[in-house]
Amino acid sequence: MYEKIREIYIEQARDREEDEISVWLKKEIREVLKSDMKDEKTTKGEFDMAFRIAEVGEEVGFIRGFRYAVQLILDCK
């Protein structure tokens, strides 16, 4: 079931254009990295890695939410 939900997420994420949530997330990541690395130069690679980590978290959140929604539907029958 996990793999099927993941396929659904990947498909919808591929078709989704950058929305206000994505813009907000990128802004927040930049602010966190800049505030935590005041004395060091933050590289593009570090930004890319942080964005990728956030994307993984988003995917996990989608999968968990999907599973909870299905369980709720089944419980309400």
Side-chain angles (χ1 to χ4, degrees):
M1 182 173 172
Y2 165 79
E3 285 301 319
K4 184 62 179 171
I5 297 170
R6 188 166 188 266
E7 287 176 28
I8 292 168
Y9 173 79
I10 290 170
E11 184 66 29
Q12 75 88 26
R14 185 180 358 208
D15 294 340
R16 180 183 63 211
E17 295 192 22
E18 189 170 72
D19 59 5
E20 66 276 357
I21 296 170
S22 298
V23 171
W24 172 81
L25 180 62
K26 287 180 181 180
K27 179 179 173 259
E28 290 295 314
I29 290 170
R30 282 190 185 96
E31 288 179 14
V32 167
L33 286 176
K34 287 180 181 177
S35 68
D36 287 348
M37 305 178 110
K38 292 176 186 171
D39 298 331
E40 300 175 29
K41 186 176 182 179
T42 304
T43 66
K44 182 176 178 350
E46 290 166 327
F47 279 116
D48 291 344
M49 181 175 56
F51 292 138
R52 181 63 191 125
I53 291 168
E55 289 173 352
V56 169
E58 186 177 312
E59 181 178 332
V60 169
F62 178 88
I63 292 168
R64 284 187 178 153
F66 193 99
R67 288 170 60 187
Y68 293 142
V70 169
Q71 187 62 46
L72 180 63
I73 290 168
L74 293 175
D75 289 348
C76 289
K77 281 187 170 185

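From a predicted model like this one, the values you see are computed outputs, not experimental measurements. Residue numbers count from 1 along this sequence.
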Q: For Glu58, check side chain to side chain contact (heavy atoms under 4.5 Å, CB included) against everything at least two apart and list the hits.
A: Tyr9, Arg16, Leu25

Q) Val60, Phe66: one ILVMFWY side-chain cluster at the under-4.5 Å cut-off? A) no

Q: Might you point out which heavy atoms bring Phe62 and Ile5 nearest each other, and give the distance in Å?
A: CE2-O, 4.0 Å

Q: Please name all residues satisfying side chain to side chain donor-acceptor pair (under 3.5 Å) with Glu20, sequence neighbours left out, ordered by chain then number.
A: none

(Q) With clusters defined by side-chain heavy atoms of hydrophobic residues (ILVMFWY) lying less than 4.5 Å apart, directly or transitively, does Ile21 cluster with Phe51? (A) no

Q) Under the side chain to side chain contact (heavy atoms under 4.5 Å, CB included) test, which residues partner Glu7, sequence neighbours left out? A) Lys4

Q: Hydrophobic side-chain clustering at under 4.5 Å (ILVMFWY, transitive links): who's grouped with Met49? Put none if nobody.
A: Ile53

(Q) Do Val56 and Trp24 land in one hydrophobic cluster if side-chain heavy atoms of ILVMFWY residues count as linked below 4.5 Å? (A) no

Q. By side chain to side chain donor-acceptor pair (under 3.5 Å), which residues pair with Arg6, not counting sequence neighbours?
A. Glu59

Q. Which residues satisfy the salt bridge (charged side-chain N to carboxylate O under 4.0 Å, His left out) test with Glu28, sequence neighbours excluded?
A. none

Q. Residues two or more places apart in sequence or in another chain: which of them pass side chain to side chain donor-acceptor pair (under 3.5 Å) with Gln71?
A. Asp75

Q) What residues form a salt bridge (charged side-chain N to carboxylate O under 4.0 Å, His left out) with Glu3, not counting sequence neighbours? A) none

Q) Are any non-hydrogen side-chain atoms of Lys27 and Val23 less than 4.5 angstrom apart? A) no

